[in-house]
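Everything below concerns the one structure shown next.
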Amino acid sequence: MASIKDVAELAGVSRATVSRVLNETGQIKAATRERVHNAMKKLNYRPNPLARSLATSSSNTVGLVVTSYRGSFFSELMAVVQEEMDQQGKFLLISRGKRSRESEVHAIQRLTDMRCDGLILHARNLYDEELIELAQQETPFVILDRMVEGLEDRCIDFQHEAAGQLAVNHLIEHGHRKIACLAGPRERLTARLRFKGYEQALREHHIEVDETLVAEADYDREGGYRAMTDILEKHPDVTAVYSCSEEMAVGAFDLFRERNMTVPGDISLVSFDSVSVCTILTPSVTTVHFPIKEMAEQASAALSGLMKGQPLPALPTFKPELRTRESVRRLK
């Protein structure tokens with residue numbers, strides 16, 4: 001395996017010159033730079049990233065904390081950040097925060113121990129105070145899908161409550177009054193906000209909030225199936241469902257097929273979405289769109305600026321968009 005010494009000898013320069021070319025430091029003549037690159041190519045020389053990070057005080061890595069590695073939402077999030085970091089020439093390290101504060105603390109610690117140049121945090125369980133304390137440390141970070149008072153310039157947020165309200169209003173406008181809710185675990189802030197939007201829409205239309213029409217489960221297919229089963233056992237006459245995640249909506253569809261229920265003939269459905277799952281169901285499902293792709297792109301761009309020491313522009317709060325499809329029937 002070729003060494004930096006071999007490159008220097010073939011290029012006819014010192015090892016220090018090769019190092020400056022690799023790290024893009026100092027004033028190097030174009031001809032000298034070309035000789036070094038040609039020597040590297042001829043010798044198939046690949047720089048040692050650890051040695052390079054020690055020389056430049058940069059690991060050239062970015063860390064991403066996610067709750068899970070599974071599911072379309074997290075797949076999309078990880079893919080978008082990976083693509084953005086590839087364009088910036090950064091390595092991406094991903095650490096799983098699972099579903100607890102302690103796991104998120106350990107996930108962040110693992111990435112800071114790896115000397116990441118910056119972090120993107122999709123942290124649902126850390127206390128605001130812990131994130132504010134983290135901001136006092138050297139490693140810059142951006143918070144995705146959460147607003148923390150005092151760290152507004154680092155937060156890229158989404159209006160979850162307004163999205164829930166938009167979804168349920170759509171069902172009410174189509175004549176539905178007995179509307180079930182497939183809710184996420186309400187210890188999570190975003191799940192509480194999505195449910196709050198459901199409550200707000202019902203109350204604004206003078207419809208009583210009936211907790212027996214609400215079933216709480218994990219944001220996954222199995223959770224949606226179980227939650228929908230629980231609701232139909234109590235309320236077989238329910239006319240519409242608001243699903244707080246698209247994968248829960250898929251689970252509800254599984255149950256509908258088992259029971260030979262049609263959408264929207266027997267029951268109407270509106271769901272959150274973040275990727276394209278709801279468009280491939282039959283019939284396609286009306287959704288409030290959660291733009292995780294655009295939010296992840298914004299987080300990556302903001303973190304890039306932070307790592308370069310640039311002042312952050314005002315970061316956006318994303319608004320919900322209703323995408324009407326085929327899953328809602330108008331009642332007479």
Side-chain angles (χ1 to χ4, degrees), residues 19-26 33 46-67 69 73-97 104 107-124 126 128 130-159 274-275 290-319:
S19 180
R20 287 196 294 272
V21 170
L22 290 172
N23 297 321
E24 298 181 355
T25 58
R33 190 181 303 276
R46 299 179 64 186
N48 184 319
L50 178 59
R52 190 172 184 179
S53 70
L54 291 173
T56 62
S57 299
S58 170
S59 65
N60 210 36
T61 60
V62 166
L64 170 65
V65 172
V66 295
T67 300
Y69 299 139
F73 173 88
F74 292 107
S75 296
E76 180 79 356
L77 170 57
M78 291 185 286
V80 171
V81 176
Q82 178 72 71
E83 184 175 343
E84 292 295 315
M85 292 305 118
D86 285 347
Q87 292 178 10
Q88 296 178 31
K90 296 283 186 181
F91 297 101
L92 179 65
L93 300 179
I94 303 174
S95 191
R96 184 174 56 151
E104 288 183 350
I108 293 172
Q109 189 62 58
R110 284 193 293 271
L111 294 174
T112 53
D113 287 347
M114 294 294 291
R115 298 174 61 86
C116 288
D117 296 333
L119 305 173
I120 295 175
L121 306 179
H122 187 264
R124 292 172 166 169
L126 282 178
D128 286 1
E130 291 174 304
L131 290 166
I132 292 170
E133 183 178 341
L134 184 65
Q136 308 306 312
Q137 300 180 19
E138 290 184 3
T139 306
F141 64 87
V142 173
I143 302 169
L144 185 60
D145 191 27
R146 179 171 172 178
M147 182 58 65
V148 177
E149 187 176 353
L151 297 178
E152 292 87 351
D153 61 342
R154 296 172 182 252
C155 297
I156 296 168
D157 199 20
F158 176 73
Q159 295 177 344
S274 53
V275 287
F290 179 29
I292 187 58
K293 179 178 185 294
E294 293 81 359
M295 292 171 68
E297 289 172 347
Q298 185 71 52
S300 300
L303 182 63
S304 177
L306 269 178
M307 292 187 297
K308 295 174 183 176
Q310 298 171 354
L312 270 179
L315 298 180
T317 293
F318 285 80
K319 297 180 180 180

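What you are looking at is a predicted structure, and each value in this text was computed from that prediction instead of being measured.
For the side-chain contact (heavy atoms from CB on, under 4.5 Å) test, no residue two or more places apart in sequence or in another chain qualifies with Glu138. Take Arg146 and apply the side chain to side chain donor-acceptor pair (under 3.5 Å) test, not counting sequence neighbours, and it matches Asp128. In this view, Ser274 and Glu246 satisfy the side chain to side chain donor-acceptor pair (under 3.5 Å) rule, not counting sequence neighbours. Remark: Glu76 engages no residue in a side chain to side chain donor-acceptor pair (under 3.5 Å) (not counting sequence neighbours). The ring pair (Phe, Tyr, Trp, His ring centres under 6.0 Å) search around Phe74 returns His122, not counting sequence neighbours. For Glu152, the side-chain contact (heavy atoms from CB on, under 4.5 Å) partners are Met147, Glu149, not counting sequence neighbours. In terms of the salt bridge (charged side-chain N to carboxylate O under 4.0 Å, His left out) criterion, residue partners of Glu130 (sequence neighbours excluded) are, by chain and number, Arg101. Legend: residues meeting side chain to side chain donor-acceptor pair (under 3.5 Å) with Asp145, ordered by chain and number and at least two apart, are His160. In this structure Gln82 satisfies the side-chain contact (heavy atoms from CB on, under 4.5 Å) test together with Asp86, Leu92, sequence neighbours excluded. Contacts of Ala135 classified as side-chain contact (heavy atoms from CB on, under 4.5 Å), with partners at least two apart in sequence or in another chain: Phe141, Leu151, Arg154.
Using a 4.5 Å cut-off on side-chain heavy atoms (C-beta onward), Thr139 and Leu111 make no contact. Counting only heavy atoms from C-beta outward, the side chains of Ile120 and Ser300 approach each other to under 4.5 Å. Considering only heavy atoms from C-beta on, Ile292 stays 4.5 Å or farther from Phe158 through its side chain. The shortest side-chain heavy-atom distance between Val81 and Ile94 does not fall under the 4.5 Å cut-off. Side-chain contact between Leu119 and Thr112: present, with at least one pair of heavy atoms (C-beta onward) separated by less than 4.5 Å. Side-chain contact between Leu134 and Leu126: absent, with no pair of heavy atoms (C-beta onward) separated by less than 4.5 Å.
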Check: residues 301-315 side-chain donor-acceptor pairs under 3.5 Å, at least two apart:
| unit_1 | atom_1 | unit_2 | atom_2 | d |
| --- | --- | --- | --- | --- |
| Ser304 | OG | Gln88 | OE1 | 3.2 |

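Among all heavy-atom pairs drawn from Tyr69 and Ser75, the shortest one is O-OG, 4.5 Å. In terms of heavy-atom proximity, Cys116 sits nearest to Thr61 at CA-OG1, 3.4 Å. In plain terms, the two heavy atoms of Ala296 and Leu77 that are nearest each other are CB-CD1, 3.8 Å.
Listed by first then second residue, pairs satisfying salt bridge (Lys or Arg N to Asp or Glu O under 4.0 Å) with a partner in residues 290-300 read Lys293-Glu297, not counting sequence neighbours.
Put simply, the side chain of Asp117 never gets that close to the backbone of Val62: no donor and acceptor are under 3.5 Å apart.
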